[in-house]
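Everything on this sheet refers to the single structure shown next.
Values in this document were obtained by computation on a predicted structure and should not be read as measured data.
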Amino acid sequence: MAAPVVSGSVALVRQYFEDGYYPTGHKSYSNDSFSPSAALVKAIILNGAQNMAGAQEQWYGGGFIAVSPYDNHTGFGRVNLLHSLPLKDKNDFRAKVYDRQSISNTQEHAYHFNIDTSQCNVDNGVSITLVWTDPPAETGCAKCLINDLDLTVTNLKSSNNNTPLFPNGRFGKDDRNNVERIRLDGSAVQHGDNLYVSVKASNLSTASQKYSMVVTGCIEEGNAPATPAPVTPAPVTKAPITPAPVNPAPVNPSPVNPSPVTNAPITKSPTKSPTKSPTKSPTKSPTKSPTKSPTMEPTTGSETPLIQTITTSYEGGSGEAGNMFDLHTKSSKVTITNFHIHTSSTQTEIVEIYTRKGSHVGYERRPSAWTLIGEVSVTGRGYGNPTMLPAGAITPVTIEPNQTQTFYITLQNSPHMVYTIGTGTTDPIVSDANVEVMEGVGKGYLFRGTVQQRRWNGAVEYKVDDGSSSNNNSVAGQLTTSFDGGTSEAGNMFNVEHRQSQSRDVRITNFQLHIASTAAVEHVEIYHRIGSHRNYERRPGAWTKLNNSPIEVQGEGTGQHTALPPNSFDPVIVKPGEVHSFYVTLTTSQNLVYSVGSSTDVDGDSIVAHNDDIAVMQGVGKGYLFGGTIDHRLWNGVVEYEVL
């Protein structure tokens, strides 16, 4: 009877997703139905399988033999769908699934989950299962795995010195199976724990491999803890410089965890430009144009009203189709001009924006009380990254001083809007000199179901009309990471974050590099994308080349600054709270010098240098033209910028 039971269970799992039960556990039009891959179906079946008490000793007759998980008698256990997928009023856990994720050789995908027992029972623990469809092996092979992926889980809040857990009951990596499962029982996790889940492509025979993963338990998708585990620094060897291979075998270099470099803050001139009184336009026709390229040109003209930005958070943790939230003005009249949203999607999404005068409270299910002010298509930037709506996406909304205006921002028939679980506070969740953003509610699409106490993730762009004026002067600044060196390759990828010290944009204008060579002229190319480089290291289509013609420089040698010529590339505007990534590479050599970073820090998240305006994160080494990736590398150089 085993085969019919499993076959029927597979059909039910497929129907669960195609009928829109995920992620809420009940059929809902606001859920995003899709057809799961075979790998995801397999992962879900095995993730919820239950341990068995014993096995029959022989085909006929009495007697049982003792068994243990993953042995030859029971494998992953007995199928039990009530432990595999959330079902309303039938079980008490949450599930996150990741289907058809593509990973390249030596690349690592990192996921963070917070344990939240406020609305869930942690007794069943947490279960994580990774499955991929491996390419066919040769007949008669002894070790038949072609593409080897490795799953590990680390509880960053536990007292076990951040020791990773390995799959399938092993004490090390599994290099034989294309199914890997890790379980933490209820006693191993508690409220507030942070689980770091790593999927790494250790050895691929093909260019990339798609995988599926499911995580169940009292989990909320989250970020890395603010304070990483301490790492004892090791000295960096400065000479000679040995170029790292483009596709190295996995190594464990001595970790280097330099203290963040803090540059002196820059004194800025205050900026208060007058805001023209906008015309109140009627609700406009929906706009469905694709997302425009990011602004690369400097903004000029002191008469142009200054666009200010207030950012709530991109912490995430939960999500639905949309959010409702109130915005309070203070002593000045403001005009809302645009929004940045937080969506876990990297596909094209249609965003609708509604507003009404006053609070949303009591009007959550009354569409007639709201006005549609924008409908636009955008390409999501993924979890943890701001997704900017195109310029002109909404009809501007003017709010008089000391008034409340509420907004409802929703994706069309997609549950991929990300927000954070709130506390029920009546205090602002974020505030500046002009406006306050309040805690709101999560919403299904088109005014459907309401989830209380949810904090909108995103940013509001607005203009202020306070009757004053002054010149909009920019202030130049620099941020230096390090010139310690230690190793080299063709290029580096790294993130730059606007630290929101003021609601003024930052314009990246130039770089100074660390180039080992002094004899030959080097050619430099610079690529850029909005959002983190993580998971985009081998995706050239996600990047924009900033220099139209080759940048030629004469290297200054090891330990020296090599400045690029002025106007070498199109400047990049970084708005408060945004993360932008850069890929700086030489085209014909491996002479771009960087330092070895900390293997326990998350690439793209861990700060290596900062000042009041921007921060540079630990990144990765790269071969030329999006070649091989070398994790945990610290870019050596200087970022030149202007505060606008």
Contacts of Y211 that satisfy ring-ring contact (aromatic ring centres under 6.0 Å, His included) - sequence neighbours left out: H109
Salt bridge (charged side-chain N to carboxylate O under 4.0 Å, His left out) partners of residues 510-525, not counting sequence neighbours, each pair once: E525-K545
Plane angle bin for H112 and Y196 - parallel if under 30°, tilted between 30 and 60°, otherwise perpendicular: tilted
Residues forming a side chain to side chain contact (heavy atoms under 4.5 Å, CB included) with S345, sequence neighbours excluded: T343, Q347, E349, H416
H523 side, atom NE2; S589 side, atom OG - distance, nearest 0.5 Å: 10.5 Å
Donor-acceptor contact present, side-chain T206 to main-chain S208, <3.5 Å: yes
Donor-acceptor under 3.5 Å (E537 side chain, N535 main chain): yes
Aromatic plane relationship, F582 with H528 - under 30° parallel, 30 to 60° tilted, over 60° perpendicular: tilted
Member of Y641, F569, Y583 meeting the ring-ring contact (aromatic ring centres under 6.0 Å, His included) criterion with F511: F569
Neighbour count >12 (heavy atoms, 6.0 Å) for atom CZ, R176: no
Exam field: side chain W543 to backbone S581, donor-acceptor pair closer than 3.5 Å: no
Evaluation steps, side-chain contact (heavy atoms from CB on, under 4.5 Å), between F494 and D603: CA-CA 8 Å; F494 57 93; D603 295 339; over 6 Å; no
Closest contact, heavy atoms only, W635 versus V616: CE3-CG1, 4.4 Å
Full working for side-chain contact (heavy atoms from CB on, under 4.5 Å) between Q618 and L634: CA-CA 5 Å; Q618 176 172 293; L634 309 181; 3.5 Å; yes
Donor on one side chain, acceptor on other, E108 and S198, under 3.5 Å: yes
Ring geometry between Y383 and H342 (parallel below 30°, tilted from 30 to 60°, perpendicular above 60°): tilted
Min side-chain heavy-atom separation K96-Y111 under 4.5 Å: no
Backbone of G382 reached by a side-chain donor or acceptor of T346 within 3.5 Å: no
Side chain T311, main chain A459, donor-acceptor under 3.5 Å: no
Modelled atom types, side-chain donor and acceptor of D150 and S202, under 3.5 Å: yes
Under 3.5 Å donor-acceptor, N178 side chain and W132 backbone: yes
Note, L625 side chain near T585 side chain (heavy atom, < 4.5 Å): no
CZ-CZ distance between R529 and R539, expressed to the nearest 0.5 angstrom: 7.5 Å
Heavy-atom side-chain contact between N457 and T420 under 4.5 Å: yes
Check: E556 main-chain N/O paired with T562 side-chain donor or acceptor under 3.5 Å: yes
Aromatic plane relationship, F626 with Y527 - under 30° parallel, 30 to 60° tilted, over 60° perpendicular: perpendicular
Any H610 side-chain heavy atom under 4.5 Å of R499 side chain: yes
Verdict with supporting geometry, T106 and I630, side-chain contact (heavy atoms from CB on, under 4.5 Å): CA-CA 7 Å; T106 73; I630 308 163; over 6 Å; no
Polar side-chain atom of N495 near backbone of G604 as donor-acceptor pair, under 3.5 Å: yes
Verdict with supporting geometry, M388 and N338, side-chain contact (heavy atoms from CB on, under 4.5 Å): CA-CA 8 Å; M388 293 185 295; N338 205 358; 5.8 Å; no
Check: P390 and V376 side chains under 4.5 Å, non-hydrogen atoms: yes
CA sep, side-chain torsions, deciding dist, call: H561, F483, ring pair (Phe, Tyr, Trp, His ring centres under 6.0 Å): CA-CA 8 Å; H561 298 211; F483 282 78; 3.9 Å; yes
Main-chain N/O of L149 paired with K200 side-chain donor or acceptor, under 3.5 Å: no
Validation row: L592, E489 side chains within 4.5 angstrom (heavy atoms): no
Min side-chain heavy-atom separation E642-L644 under 4.5 Å: yes
Note, L586 side chain near I515 side chain (heavy atom, < 4.5 Å): yes
Passing option when D505 is tested against H498, Q308, K575 for side chain to side chain contact (heavy atoms under 4.5 Å, CB included): K575
T312 side chain to W456 backbone, donor-acceptor under 3.5 Å: yes
Exercise: identify the closest heavy-atom pair between S606 and D601: OG-CB, 3.1 Å
